[in-house]
Amino acid sequence: MLVLFRLKKIKIFMGKELTSRSQDYSQWYNDLIIKGQLADYSAVRGCMVIKPYGFALWENMRDVLDKMFKETGHQNAYFPLFVPKSLFEAEEKNAEGFAKECAVVTHYRLKTDPNNAGKLMVDPEAKLEEELVVRPTSEAIIWNTYKGWIQSYRDLPLLINQWANVVRWEMRTRLFLRTAEFLWQEGHTAHATAEEAVEETRRMLDVYADFAENWMALPVIKGVKSPNERFAGAEDTYCIEALMQDGKALQAGTSHFLGQNFAKAFDVKFSDKNNKLDYVWATSWGVSTRLIGGLVMAHSDDDGLILPPRIAPIQVVIVPIYKGEEQKAQIDEVVSVMMKEMKALGITVKYDDADNSRPGWKFAEYELKGVPVRIAVGARDLANQVVEVARRDTKEKQTISISGIGAYTQALLNEIQESMFNKAKVFQQEHITPANTWEEFVNILDTKAGFVSAHWDGTPETEEKIKELSKATIRCIPLDNPKEEGVCILSGKKSTQRVLFARAY
RNA sequence: CGGGACGUAGCGCAGCCCGGUAGCGCACACGUCUGGGGGGCGUGGGGUCGCAAGUUCAAAUCUUGUCGUCCCGACCA
């Protein structure tokens, strides 16, 4: 009790105190992002600065995904930030869907303000002939380009991805989860047949699920969106849905089958083997820095971030505990051997021997930052040829022999990765609850949250009504969904299957 | 766009009601004792109080305006 009190007091004095999840989940999330050094607020409304630690995390995620995309045959390219308005509006549904949240460039020059010394004003003389839309997504500019690249079935499939920033002028933003500008990748592919395009859509959905589960330790449900939730301009939107610790769902990635909508809008035709002209079939798919928000919310605890080893910027941190230069030198020597061993095994390890903060401070700091494994090495340990190994996820500490520490650590990292996934998976499974009546449905949402599996009559009207009454939306119709006769929880009309509802971010 | 908060040192805040020329903790610098869970003691540096106008002998404090940020909703990934 006394210890707890002291610890709490210290935390307050250090200005690092975290809001607990039970106290205020949103604030807890914000605290983790800011104090865990992932990102910072910026001078621009709704836009954040991704700090080095957060960016290192994103780079790790990006690198893994990039490799996966290349292994599935894709190439990277880069298209412009700006989209001429006339191109943007070509695919009507897509344009309409994004119109409300577009930043638009109307002028290309500033000038000194004659009425306001030292200030600049937009030069009214420099108005653009045609406004430029800052891309909220790149289908328009890309399909306009593809028109010139595709003539024959021999040009297909065209499998391209780009890493980019996009801008969506959101009314309300949240660090990582919804920022006005965000980083993402968007894949845009063109195919000769609908079947092939659908196959591509599903393939990339699998890539996303694989990445989320095996790298981020984030269990997801693969499914297809209801028409209401579909991407503007798509025929079908597939998604992976994750569950956060507060029971709210998070759309973690989407893969769209675009049919021939964009090919028609941008007049992209090809000749098949029989010299017959047809529009090409398209897909697009993307994940964004939002994944980082999901990662934080799914795994972390009241002491800070908990990052899965496979994408953590630092997997192991070594903290020396010493008195005097002589002890420090001895520790340095042993640590350098340990580090060499670990690096040879591909482990990312940091030795924090900075003398300006003390061991206890470092322990707390690396816990806050979610480093999976911490190793403390002191003079006492060296005498016994051991070190103290602490894992972040469970907070367990063990004394481990120095010989073979590399292999031990590697195994531990794997175990943490697996254990984090399993824990999240159990949570997810426990939060998929069937509801058979409206009362039950609302009650589950209000008390337990998570996914609610319920019958729905299949109409957009009912879906809209449910959303209005309960704030829950259909997250997806799971891919392997069993057929089951039933009646809609709201309308009482016939239904052939249950779908997953949840309140979502 | 509606509702609610808040802008005072790098960070977190007090001071404002009742005007008198700015303070606390952390961080920072130096010294020293320390070192196995956010150290102790001592000394020190750092602020046009968001911005603008007004009232006043005097404004962080009162008045008006303005800009910005965050939180909660509506919208969305």
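Both backbone and side-chain heavy atoms feed into the values below; hydrogens, waters and symmetry mates do not.
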Roughly how far apart, to the nearest Å, are B/rG25 and B/rG15 at atom C1'?
-> 15 Å

For B/rG35, take OP1 and OP2 only and decide whether either is under 4.0 Å from a side-chain N or O of A/Lys323.
-> yes

When you compare B/rG37 with B/rC30, how far apart are their C1' atoms, in angstrom units rounded to a whole number?
-> 27 Å

What nucleic acid atoms does A/Phe231 come within less than 4.0 Å of, heavy atoms only: base, sugar-phosphate, or nothing?
-> nothing

Remember a base hit wins even if backbone is also touched, and classify A/Arg168 as base, sugar-phosphate or nothing at under 4.0 Å, heavy atoms.
-> base

Can we say A/Glu200 and A/Arg203 salt-bridge, meaning some charged N sits less than 4.0 Å from an Asp/Glu carboxylate O?
-> yes

Do A/Arg374 side-chain and B/rG37 base share a donor-acceptor contact under 3.5 Å?
-> yes

Closest to the side chain of A/Gln251, out of B/rG35, B/rC71, B/rA77, is B/rA77

Hey, is the side chain of A/Asp355 pairing donor to acceptor with the base of B/rG35 inside 3.5 Å?
-> yes

Once you apply the 3.5 Å cut-off to both distances, tell me the Watson-Crick or G-U wobble partner of B/rC6, or none.
-> B/rG68

Mark yes or no: A/Arg475 above the aromatic ring of A/Trp456, with NZ or CZ under 6.0 Å from the six-membered ring centre and no more than 45 degrees from the axis.
-> no

Using the C1' atom as the reference point in each nucleotide, state the distance between B/rC33 and B/rG47 in Å, no decimals.
-> 33 Å

Touch class at under 4.0 angstrom, heavy-atom based, for A/Leu250 against every strand present | nothing

When the nearest nucleotide of RNA chain B is assigned to A/Ala232 and to A/Asn30 on a heavy-atom basis, which residue is associated with the more 5' position?
-> A/Asn30

Assign each of A/Gln27 and A/Phe182 the nucleotide of RNA chain B bearing its closest heavy atom; nearer the 5' end lies the nucleotide of A/Gln27

Nearest-Å distance once atom C1' is located in both B/rU64 and B/rA29 = 44 Å

Give none if B/rU56 has no partner; otherwise give the nucleotide forming a Watson-Crick or G-U wobble pair with it, both distances under 3.5 Å.
-> none

Of the listed B/rC75, B/rG37, B/rG36, the closest approach to the A/Glu170 side chain comes from B/rC75

Any residue of residues 464-472 of chain A with a heavy atom less than 4.0 Å from an atom of RNA chain B | A/Lys467, A/Lys471

Between A/Tyr53 and A/Lys369, is there a cation-pi geometry (under 6.0 Å to ring centre, at most 45° from the normal)?
-> yes

B/rU66 and B/rA74: how far apart are their P atoms, nearest whole angstrom?
-> 28 Å

Select base, sugar-phosphate, or nothing to describe what A/Ala252 touches, counting heavy atoms under 4.0 Å on all strands.
-> nothing

